Structures are given as C-alpha cells and as structure tokens.
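Structure first, commentary second.
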Amino acid sequence: MSDLLSSLNPEQRAAITLPDESALILAGAGSGKTRVLTTRIAWLIQSERVRPAEVLAVTFTNKAAREMMTRINTLLPINLRGIWIGTFHGLCNRMLRAHYQQAELPQTFQILDSADQLSALKRLLKSLNIDGEKYPPKQVQYFINQAKEQGLRPAGVDANDPFSQQCVELYAAYHTQCQREGVVDFAELLLRSYELLARNTEISAHYQARFKHILVDEFQDTNTLQYAWLKQLAGLSGAVFAVGDDDQSIYAFRGANVGNMRDFEREFRVRHLIRLEQNYRSHGHILDAANALISNNTRRLGKNLRTDAGCGERVRIVGAATDAQEALWLVSEVRTLSQKGVPLDQIAVLYRSNAQSRALEHTLVSTGIPYRVTGGLRFFERAEIKHALAYLRLIENADDDTAFMRAVNFPARGIGARTLELLNDTAHQRNSSLHAAATQLAGKAAAHLNRFIQLLEALRAQSQGLRLPDAVQHVIDASGLIEHYRAEREGQDRIENLRELVNAALAFVQEEHDEIISALNDETTPLSAFLAHASLEAGDNQAHAGQAAVQLMTVHAAKGLEFTAVFITGLEEGLFPHQNSILDASGLEEERRLMYVAMTRARAHLYLSFAQSRMLHGQSRSNLCSRFLDELPEQALKHQALNRTSEMSRAPRHGAPRTARASWTQQASSQSVTRRIQSEFGARQSKTAFGFYIGQTVSHAVFGNGTITAFEGNGADTRAQVNFGRHGAKWLALSIAKLQPATSR
DNA sequence: CTAATCTCAGTTTTT
DNA sequence: CTGAGATTAG
C-alpha cells in the first residue's frame with residue numbers, strides 16, 4: 001500500500017485516499033490528473049474497500065480509457081475482471097446490449113456515426129419531400145442531437161418558431177425511422193441508456209448497488225445528459241469521484257456544460273473539493289504566462305498553478321510579415337531545437353483551425369523536415385472501409401437503410417437515382433425497409449436490383465459458418481470492392497486499407513479472448529461486436545508511426561498531451577481568437593481557455609507567432625495580432641526580432657517581401673497595446689491600404705465611427721473589416737465605401 | 001446512368 | 001485556394 005502512495009504530493013495523496021463519498025478534484029494542467037485517478041482506483045481495490053466489479057470509470061476517448069486500464073494494471077497486477085472502464089458511449093452500448101429488450105432495441109442494433117446519421121437524415125428529408133435548402137440536414141442533425149443531449153424527446157422540446165416546429169417533427173420521424181431500421185446514433189446511446197435506468201427501477205437498483213465507486217475523467221466536458229446519466233447511475237449511495245479543470249473546458253461548442261461542476265458540488269453534497277495546483281510539466285515563465293492569460297476569464301472556480309522547476313526560458317513572441325515567413329522562421333527554430341538535442345516528436349506545432357496546416361506542411365516538405373499531422377480522416381471513416389462495413393452491416397441487419405444506400409450501387413451496378421427514387425417511395429408507402437421494398441420491386445422494375453438482393457443473400461449465406469476475419473475477407477472480395485478499386489488509378493491504397501480491415505477483424509477477435517476485454521458483450525455475435533467497435537472507435541488518425549517527426553495538430557487535438565517544445569502559430573485576431581467567437585463574451589472566454597490549453601502543453605520551450613498578412617480562402621488578408629498576446633506578462637516574454645533581410649532572401653517564392661516592407665509605415669502607436677508589442681520587435685505598424693491602416697479610426701456615412709481591424713484582397717478588390725461597435729463588424733470595399741479618417745475627439 | 005462542370009461556403013470534434 | 005454538392009451534358 002505504501003508504494004502506491006509514495007512520491008505523491010499531499011494534495012494528490014489526500015485526493016486518492018478520500019473516504020467513500022463524492023468528491024470534486026480540480027486538477028490543473030500537468031498536475032498528475034490521470035495518476036490520481038488511476039491510483040485512486042488501485043488504492044480502493046488494494047485496500048479492499050471495493051472489488052474491481054464494483055468500480056466504474058468513465059472517460060471521453062477510447063485512448064484515455066485504454067491508458068487508464070493499462071496504468072491501473074501496472075499499479076496493481078491483479079485480475080481486474082468485472083471492472084467497467086470505458087467511454088460514456090462504450091459503457092452505454094454495453095448496458096444496452098445487456099438489456100436490449102427492456103431498452104426496446106433489437107439484439108443486433110447497430111450504431112450510426114455522425115456521417116451515417118447525416119445521410120439517414122438526408123434520406124428522411126427526401127422521402128418527406130422537405131426542402132433541404134430551408135432545412136439544411138446539418139442543422140436538423142444539430143437540432144436533434146442538442147435535444148437528445150438535453151434528455152428531451154420530441155414531445156418535450158419547446159418549439160416556438162416554425163423552423164423549430166418542423167425540426168421537432170423531423171426528430172419524431174427520424175426516431176421512427178431509426179427504430180424501424182434498428183439503429184441508434186451516438187446521442188441515442190446515452191439517452192436510451194439513461195431512460196433505461198430512469199424507467200426501470202429494478203435495473204437501476206441493480207447498477208446502483210453494484211457500482212460503489214464511479215470515477216469521471218475530464219468532468220468539465222460532460223454534457224447535460226451525461227451528467228444526468230451519472231446521477232441516475234450513482235443513485236443516493238454511490239460515490240462519484242469527479243476530476244476536471246474548468247480552465248480546460250474547450251468543448252462548450254458541442255454541448256459540454258462546465259456548469260456541471262458547480263451543480264455536482266451542490267447536488268452530490270461534495271464535502272471534499274481538492275485542488276491540484278502543483279504543476280509537474282512546465283517551466284516557470286511558461287506557467288506564469290499561462291496563469292496571467294487565464295486570469296482574464298471571469299466565472300472561474302479559481303486555481304493557480306505553481307511549479308518547482310526554475311523559470312526556464314522565456315516565452316518567445318515572433319511576428320512575421322507573411323504566413324510563408326512565419327513557416328520559414330518555424331523551420332529554422334525547429335532545426336535549432338533539433339541541434340540542441342530535442343527529439344522531433346517532442347516538438348509540436350499547434351494551430352487554431354485545420355486550414356492552417358497546409359501552408360506549414362508545404363514549408364516542412366520543401367525543407368525536408370519530417371512531420372506528422374494528427375487529425376483528419378480516421379481508419380474506419382475511410383470511404384472504402386465504410387463501404388465494406390455497409391455490406392457487413394447488411395448481413396447482420398438487412399433493414400439498415402443507411403448501409404443499404406451506401407452499398408446498393410457501389411461498386412456501380414447500374415442502379416441509379418431513378419430506381420432508387422422509386423425504391424424509396426415504395427418503402428415509404430409500405431413503411432418497410434429499402435431491402436424489403438427491393439425484394440418486392442426487384443422482379444418487375446429492375447433486374448439490377450434483383451442481382452443486388454441476390455448478392456446480399458449469397459454473402460449472408462456464405463459468411464454464415466466463417467470466422468469473422470474470413471467473413472470480412474469474403475465480403476470484400478465477393479462484393480466486387482477489390483475489383484472496383486483495382487481498376488481505379490489511385491485504388492491501390494484503398495485495397496491496402498481493405499486488407500487492413502481483415503487484419504483489424506483478426507486483431508479484434510484475438511483481443512476478445514483477452515481477459516480484460518472478454519467481460520464485454522457475452523451475448524452478441526463477433527460480427528455485431530466488431531461493427532459496434534468500428535462505430536465507437538473510429539481508429540487512429542494516422543497509421544504510420546515509425547520515424548520521429550514534428551507533430552502538427554489543432555489546439556483541440558493537443559489537449560491532454562505534452563511536448564518539450566510547442567509552437568502556437570497564427571496568433572491573429574479573427575484566427576485565434578476565431579472570428580466567430582469574438583462576438584460574445586462566453587465564446588471569447590472559451591478561446592482564451594483554448595489558448596491556455598495550448599500554452600500549458602509546453603515543458604521547456606514555448607513560441608508564439610503571428611503573421612501580418614496571410615493567405616486565407618485564396619485571398620491575402622491582414623490582421624491585428626491576437627489580443628491574447630497583450631494579456632501575457634512582459635517579464636515572462638522575449639520578443640524575438642525576425643532578421644528580415646536574411647529571412648526574406650531565403651524565402652523561395654511567395655512572400656512579396658518588398659511591398660510588405662515598403663508598407664510598414666511608421667505610424668504613431670499611441671492607441672493600441674497590440675501595436676506596442678508589434679513595434680517592439682520591429683514589425684511595426686500593420687499593412688496599409690488606400691492610405692488606411694489597421695487600428696485606424698474611420699467614419700462612415702451610415703455606420704458612424706469604427707476601427708479598422710483587418711484588410712483582405714488586393715488592388716481595387718481590397719476590403720477592410722471595420723468594427724462599428726453597436727453596428728457590428730462590416731467588410732467594406734475601400735474603392736466603394738467612402739471612409740474618412742475620423743477626427744480625434 | 002455516369003462523368004464532367006459549376007457553384008459556393010469555409011472553427012474547433014469525440015463518440 | 002480547396003472540396004463537397006448540385007447541375008448539366010453525353
């Protein structure tokens with residue numbers, strides 16, 4: 001027991017050894033959060049306060065769940081049979097499989113991922129003859145998911161405007177469609193599981209009695225429904241150990257409710273609130289800067305990180321003339337770091353939005369620095385994989401219309417829009433699945449359709465006796481997918497991926513025998529379990545590990561990771577903070593938390609950079625540098641001057657250096673702190689256009705006085721973004737709008 | 001029915 | 001500038 005608790009600080013130890021009641025742990029960035037969580041579980045079991053089967057731990061990502069399992073196993077090398085560790089969705093799936101009848105689901109129910117859900121909705125809109133322009137499928141999807149995440153069924157949604165009323169009806173129709181098809185979307189997994197517990201006192205009592213300890217990771221990211229589910233599961237007696245950091249809440253945009261932390265404190269009668277404020281990751285200056293930044297947010301639960309490490313290096317701030325030069329500077333710094341002995345995979349390049357990666361990648365490729373982009377398409381989301389899975393899904397459940405639509409004419413077998421329209425109508429009239437309608441229709445209407453139905457029959461029959469990997473192999477061959485891709489120019493990669501799918505099935509079957517995982521899904525078939533696995537765990541973003549490479553990713557993707565050196569790029573108003581979040585205070589605070597997360601990823605070296613002009617949407621635009629730079633304490637910073645001449649002479653193409661330099665007029669920089677920062681390292685006043693400059697106060701005949709915040713475009717097309725205060729921000733073409741320099745008050 | 005061409009919007013993302 | 005989705009020509 002003592003070794004479990006050795007080398008922990010007093011707060012960590014206190015958290016780990018708390019009594020059997022609910023507790024809230026405010027765990028700052030780099031404070032050993034995962035360690036506390038896993039050690040708590042190991043300690044509870046080792047001291048025989050609970051058996052493994054009485055513990056439930058929930059995370060947001062599969063990666064986190066796996067890591068937790070591994071670390072507990074390292075701390076406590078005993079059989080953990082019966083412990084429930086997984087994602088919210090994974091655990092709900094598990095529960096629904098065990099009680100599928102009470103949950104009113106078919107035993108073989110399948111899970112729709114977001115893309116599947118969207119195509120299901122598009123199909124629904126079409127069959128109801130609803131204008132997709134007026135009701136964009138994406139918005140309907142958002143509406144439905146939001147309702148579900150509030151725990152609401154169609155009858156419970158308040159709809160006061162025509163749009164919402166229509167959405168409610170679509171929600172109801174969509175629900176009927178899902179029920180008929182035997183499919184559930186992600187939000188449905190949670191809601192169904194919640195309802196199962198809420199309505200069925202026996203089942204609810206069973207789980208409440210069983211799970212004496214419930215542990216929640218990243219609690220600040222829970223949404224309303226997840227919180228309600230936890231409450232239902234814990235009952236009155238369960239001890240919920242919630243670990244989170246309100247300062248790292250960056251998912252409000254998808255429904256996360258930081259307010260859950262306050263509610264939790266009250267509703268679970270939390271007597272133990274422990275703050276983990278000792279940071280084991282970042283050097284002093286980095287932490288000082290991050291602390292100063294986040295202190296600009298209001299409504300915090302309050303927390304300040306400290307470190308025993310020295311001040312370390314100052315945070316470096318760099319302004320470049322163009323995005324291309326920013327990238328070149330980055331490359332030279334990466335080289336320097338590498339020469340100093342920092343491994344490439346310990347260097348992260350972060351950005352606010354994915355679109356920014358392109359320019360960086362371009363430069364990295366041309367300078368020969370190996371890099372790896374995290375994010376983007378994952379294995380099970382690839383088109384060819386989804387096609388193969390669609391055939392497998394149809395074997396399992398012929399009524400799965402989403403899978404049917406995906407497979408029916410891919411590879412092309414002469415079943416076009418016309419036939420499918422007819423099929424859709426037939427199915428809608430008879431209230432049957434597409435497959436059922438197709439069997440009726442096949443004889444008379446289309447021989448092609450008939451052949452497809454027969455193909456499905458054959459696949460089902462032939463895969464019957466096969467083991468899962470063999471069945472997968474058979475399906476990708478007999479469906480014609482391999483043949484189809486063989487004929488395609490760039491089909492080779494896709495064929496490789498399909499072969500990889502067979503390997504994935506093989507690995508999955510083997511893992512099923514693994515003791516840790518085997519407790520799951522005793523009742524379902526291997527195929528059904530594999531399909532659920534494919535939906536719930538979309539697979540790695542990037543398959544090729546191997547060689548050490550610089551890590552490129554969005555700030556969101558970097559959460560939970562740490563690196564020796566971190567570059568945060570594109571620190572410009574409109575980019576970071578993002579344009580769409582600048583308007584309201586809560587959006588801005590989330591952007592600030594995002595910046596905080598980004599900064600606290602760094603151990604020893606932190607670089608913040610911006611460009612005065614950048615290519616965006618095919619146009620060059622100029623922005624002020626980010627307001628977040630103004631919020632950092634001067635003593636923790638080092639403004640690094642770009643050696644303009646040498647950098648520019650090295651610039652290969654792009655980067656019209658001459659015009660850029662010529663335009664750096666020396667303006668008096670009395671108004672803005674931002675400009676002061678810019679002038680300190682020689683970047684000076686931002687770009688001018690038509691004699692106007694960024695930050696200038698101008699007056700407009702209609703909107704009155706405003707401040708220029710950005711330029712975009714060139715020549716006669718040049719437009720300026722002007723913030724007119726209560727009139728909002730407007731883009732005005734300088735050749736048209738008659739702007740006047742405002743006279744000072 | 002398919003392939004080529006046009007239009008248009010364009011954060012962040014896990015399950 | 002890009003990629004998705006719709007529209008139109010073959």
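All values below were derived from every heavy atom in this structure, side-chain atoms included, with hydrogens, water molecules and symmetry-related copies excluded. Note that this is a predicted model, so its numbers are computed, not measured. Order of the sequence lines fixes the chain letters, A, B, ..., with proteins taken first and strands second; residue numbering starts at 1 for each chain.
- For A:Thr87, the listed nucleotide lying nearest its side chain is B:dT15; candidates were B:dT11, B:dT15, B:dT12.
- Counting non-hydrogen atoms under 4.0 angstrom, A:Asn62 reaches the backbone sugars and phosphates but no base.
- Across all strands, A:Asp221 comes closer than 4.0 Å to no nucleic acid atom at all (heavy-atom distances).
- In the set B:dT13, B:dT11, B:dT15, B:dT11 carries the atom at the smallest distance from any side-chain atom of A:Ser353.
- The aromatic ring of A:His578 sits over the base of B:dT11, with ring centres less than 5.5 Å apart and planes inclined by under 30°.
- Atoms CZ (A:Arg66) and C1' (B:dT15) sit 13 Å apart, rounded to a whole Å.
- Applying the 6.0 Å contact sphere to CD of A:Gln179 captures more than 12 heavy atoms from other residues, nucleotides or ligands.
- A:Glu537 comes within contact range of no nucleotide atom at all, as no heavy-atom separation falls under 4.0 Å.
- In summary, A:Arg393 and A:Asp400 engage in a salt bridge, as defined by a charged side-chain N under 4.0 Å from a carboxylate O.
- In terms of polar N and O atoms assigned as donor or acceptor, the side chain of A:Ser114 comes within less than 3.5 Å of the base of B:dT15 in a complementary pairing.
- At whole-Å resolution of the value, CZ in A:Arg94 and C1' in B:dT15 are 17 Å apart.
- Taking every side-chain heavy atom of A:Arg378 into account, B:dT15 is the closest of B:dT15, B:dT13, B:dT11.
- We find the CG-CZ distance between A:Asn296 and A:Arg627 to be 11.0 Å, quoted to the nearest 0.5 Å.
- Along DNA chain B, the nucleotide nearest to A:Thr61 and the one nearest to A:Leu420 differ in position, and the one closer to the 5' end is contacted by A:Leu420.
- Side-chain contact check for A:Gln117 and A:Gln141: at least one donor-acceptor pair (N or O, by modelled atom type) lies under 3.5 Å.
- Proximity of A:Asn354 to the phosphate of B:dT13: a side-chain N or O atom is located under 4.0 Å from OP1 or OP2.
- Contact annotation for A:Tyr251: backbone-only contact, meaning every heavy-atom pair under 4.0 Å involves sugar-phosphate atoms and none involves a base.
- For A:Thr554, taking side-chain heavy atoms from C-beta onward, the closest of the listed nucleotides B:dT13, B:dT11, B:dT14 is B:dT13.
- A:Ser535 comes within contact range of no nucleotide atom at all, as no heavy-atom separation falls under 4.0 Å.
- A sub-4.0 Å separation between OP1 or OP2 of B:dC1 and a side-chain N or O of A:Thr419 is present.
- Between A:Phe380 atom CZ and B:dT15 atom P there is a gap of 12 Å when expressed in whole angstrom units.
- Taking atom NE2 of A:His556 as the reference point, atom C1' of B:dT11 lies 8 Å away to the nearest angstrom.
- Paired with A:Leu434 under the rule side-chain contact (heavy atoms from CB on, under 4.5 Å), one option of A:Thr402, A:Val408, A:Asn424 passes, and it is A:Asn424.
- Across all strands shown, A:Gly618 has heavy atoms under 4.0 Å from base atoms, whether or not it also approaches the sugar-phosphate.
- Heavy atoms of A:Leu575 sit nowhere under 4.0 angstrom from any nucleic acid atom.
- By the stacking rule of 5.5 Å between ring centres and under 30° between planes, A:Phe253 stacks on the base of B:dT12.
- Along DNA chain B, the nucleotide closest to A:Asp113 and the one closest to A:Gly414 are compared, and the more 5′ of them pairs with A:Gly414.
- The distance from atom CZ of A:Arg358 to atom OH of A:Tyr351, rounded to the nearest 0.5 Å, is 11.0 Å.
- In this structure, A:Lys122 reaches the sugar-phosphate backbone alone: every heavy-atom distance under 4.0 Å involves primed, P, OP1 or OP2 atoms, never a base.
- Atom CZ of A:Arg593 is separated from atom P of B:dT11 by 21 Å (rounded to the nearest Å).
- With distances taken from any side-chain atom of A:Arg358 to the nucleotides C:dT2, B:dT12, B:dT14, the minimum falls on C:dT2.
- Contact annotation for A:Ala538: no contact, since no heavy-atom pair falls under 4.0 Å across all strands.
- Comparing B:dT14, B:dT13, B:dT2 by their closest approach to the side chain of A:Ala412 singles out B:dT2.
- The distance from atom NE2 of A:His617 to atom C1' of B:dT11 is 10 Å, rounded to the nearest whole Å.
- When the nucleotides B:dC1, B:dT12, C:dG3 are ranked by their closest atom to the side chain of A:Arg352, B:dT12 comes out on top.
- For the pair A:Asn93 CG and B:dT14 C1', the computed distance is 15 Å after rounding to whole Å.
- Between A:Asn409 and the phosphate of B:dT2, there is a side-chain N or O to OP1/OP2 separation shorter than 4.0 Å.
- Heavy atoms from other residues, nucleotides or ligands lying under 6.0 Å from OH of A:Tyr142 number 12 at most.
- Using a 4.0 Å heavy-atom distance criterion, A:Asp185 is classed as making no nucleic acid contact.
- If you measure from atom NZ of A:Lys138 to atom P of B:dG10, you get 9 Å, rounded to the nearest angstrom.
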